[in-house]
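Worksheet: one structure, shown below.
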Amino acid sequence: KVGWYNAVLQPAFHLPYPDHTLAFVILSTPSMFDKALKPYVNKERLKIIRDPVDQCVSHHLSHVKEKFPDQRVDVMFDYEILPSRKPKFLAQTAAHVAGAAYYYQRKDVKLDPWGKKKIYGVCIHPKYGGWFAIRGLLVFPDIQVPFLEQPAPVDCVSTEEKRIELLEQFNFHWQDGRYRDIIEVKERYSEEQKTYFATPPAERFRLLGLTQE
């Protein structure tokens, strides 16, 4: 429910819907690369003019929207920002309140070792660890769900030591991706996918066999 999200954020970040409005958080799992992105690139090769992953997600979510011709469906993407430069929605907070992934933050550590350093939080999924992404939000403004019960996200990094290790790795060594394996995972990105996301965005077109005009 939109109200779960608004309840944990300052008013400046609230979504402009009544509290009982139904929303869905959209995640991509490791198999997205082979099952969605590569087929999309092969089919829509000439139409790809910006980030291929963003375009692929947009393409699939527009199909979801078409499945509800009688409903208003508002789609927001993780990369969209408002004129004020604020993101349209805070993806990690949305995933946490929806019960999809646990958003580990500095406040989840009792004995904070970082002093004045800025420490960013990170979501961990109980099945995929850090090998997933939050891609978007679907809001159904005309559907009110007052009786929907809020599911708690799975606290899969439950010890103080592990939480410190997770936030250390994510904030200071994120390039090596070790934070993604903070728990035992069921599925990881393929080597091809790791290479793709480790490549600077401007050079990713070449990896997919696309030429950037």
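- Between the side chain of R204 and the main chain of Y196, a donor-acceptor pair closer than 3.5 Å is present.
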### Task
Report the C-alpha separation of R72 and D74 in whole Å, then their side-chain angles, then the decisive distance to 0.1 Å, and conclude whether the side-chain contact (heavy atoms from CB on, under 4.5 Å) test is met.
CA-CA 7 Å; R72 189 177 139 208; D74 292 349; 2.9 Å; yes
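- Side chains of Y179 and L167 form no contact here, defined as non-hydrogen atoms less than 4.5 Å apart.
- Of the possible donor and acceptor atoms, none in the side chain of E80 sits under 3.5 Å from a partner among the backbone N and O of K88.
- Under the 3.5 Å distance criterion, the side-chain polar atoms of Q193 are matched with a main-chain donor or acceptor of P30.
- In this structure the side chain of R135 reaches within 4.5 angstrom of the side chain of V53, judged on heavy atoms.
- Minimum heavy-atom separation, D142 to Q71: CB-OE1, 4.0 Å.
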### Message
Walk me through whether N6 and Y17 qualify under side chain to side chain donor-acceptor pair (under 3.5 Å).
### Response
CA-CA 9 Å; N6 287 348; Y17 305 95; over 6 Å; no
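- Taking every heavy atom of both residues into account, A100 and L27 meet most closely at CB-CD1, 4.1 Å.
- Within a 6.0 Å sphere centred on CD of Q10, heavy atoms belonging to other residues, nucleotides or ligands number 12 at most.
- Of all heavy-atom pairs between I49 and Q55, the closest is N-OE1, 2.9 Å.
- With no hydrogens or angles considered, no side-chain donor-acceptor pair links Y79 and D51 at under 3.5 Å.
- Within the 3.5 Å criterion, the main-chain N or O of L9 finds a donor-acceptor partner in the side chain of H14.
- For the pair E160 and R163, the salt-bridge criterion is not met [side-chain N within less than 4.0 Å of a carboxylate O].
- Between E192 and K38 a salt bridge is recorded (basic side-chain N to carboxylate O distance below 4.0 Å).
- Of the possible donor and acceptor atoms, none in the side chain of D78 sits under 3.5 Å from a partner among the backbone N and O of G136.
- Note: L61 CG to C56 SG = 9.5 Å, rounded to the nearest 0.5 Å.
- From S58, atom OG reaches atom NE2 of H63 across 10.0 Å, with rounding to the nearest 0.5 Å.
- Inter-residue side-chain proximity for I182 and K162 is flagged as met; some heavy-atom pair is nearer than 4.5 Å.
- Judged as a ring-ring contact (aromatic ring centres under 6.0 Å, His included), and not counting sequence neighbours, the contacts of W131 are Y189.
- When hydrophobic clusters are built by joining Ile, Leu, Val, Met, Phe, Trp and Tyr residues whose side-chain heavy atoms come closer than 4.5 Å, directly or via intermediates, L15 is grouped together with V75.
- Closest heavy-atom contact between G130 and R180: O-NH1, 2.7 Å.
- Pairing each heavy atom of C123 with each of I134, the nearest pair is SG-CD1, 4.2 Å.
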#### Entry: Worked check of side-chain contact (heavy atoms from CB on, under 4.5 Å) between V8 and Y103
CA-CA 12 Å; V8 297; Y103 184 22; over 6 Å; no
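- Listed by chain and residue number, F24, F68 satisfy the ring-ring contact (aromatic ring centres under 6.0 Å, His included) test with F140 (two or more places apart in sequence, or in another chain).
- In this structure, H59 has its ring center under 6.0 Å from that of Y40.
- Between the D108 side chain and the Q105 main chain, a donor and an acceptor come within less than 3.5 Å of each other.
- V2 is not listed as a side-chain neighbour of D19, based on a closest heavy-atom distance of 4.5 Å or more.
- The number of heavy atoms from other shown groups lying within 6.0 Å of OH (Y120) does not exceed 12.
- Residues Y102 and V157 have side chains not in contact (no heavy-atom distance under 4.5 Å, counting atoms from C-beta outward).
- For the atom pair CD of Q169 and CH2 of W174, the computed distance is 14.5 Å after rounding to the nearest 0.5 Å.
- T21 has its side chain out of reach of K1: every pair of non-hydrogen atoms, C-beta onward, lies at least 4.5 Å apart.
- At distances below 3.5 Å, not a single donor-acceptor pair connects side-chain atoms of Y128 with backbone N or O atoms of K186.
- Within the 3.5 Å criterion, the main-chain N or O of W4 finds no donor-acceptor partner in the side chain of Q150.
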### Query
Do L37 and M32 pass the side-chain contact (heavy atoms from CB on, under 4.5 Å) test, and can you show the C-alpha distance, the side-chain angles, and the key distance before you say yes or no?
CA-CA 6 Å; L37 181 66; M32 179 276 288; 4.0 Å; yes
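- Residue N171 holds its CG atom at 9.5 Å from NZ of K118, rounded to the nearest 0.5 Å.
- Connection of F170 to I183 is established within a shared hydrophobic cluster, with ILVMFWY side chains joined at heavy-atom distances below 4.5 Å, either directly or through further cluster members.
- Figure legend: K194 and F197 shown without cation-pi pairing, the cationic atom not lying both under 6.0 angstrom from the six-membered ring centre and within 45 degrees of its axis.
- Between the side chain of E184 and the backbone N or O of G129, no donor-acceptor pair lies under 3.5 Å.
- Taking all atoms of both residues into account, the shortest heavy-atom contact from C156 to I124 is SG-CG2, 3.7 Å.
- Note that the CZ atom of F89 and the OH atom of Y5 stand 7.0 Å from one another [nearest 0.5 Å].
- Side-chain contact between L208 and P52: present, with at least one pair of heavy atoms (C-beta onward) separated by less than 4.5 Å.
- Distance alone, capped at 3.5 Å, is enough to place a donor-acceptor pair between the T199 side chain and the T195 backbone.
- Contact of the I26 side chain with the L137 side chain is not registered, since no non-hydrogen atoms from C-beta on lie closer than 4.5 Å.
- In the displayed structure, E149 atom CD is contacted under 6.0 Å by at most 12 heavy atoms of other residues, nucleotides or ligands.
- The pair D181-R188 counts as a salt bridge, with a side-chain nitrogen and a carboxylate oxygen less than 4.0 angstrom apart.
- From D112, atom CG reaches atom NZ of K117 across 10.5 Å, with rounding to the nearest 0.5 Å.
- One hydrophobic cluster holds both F33 and F77 under the rule that ILVMFWY side chains link at heavy-atom gaps under 4.5 Å.
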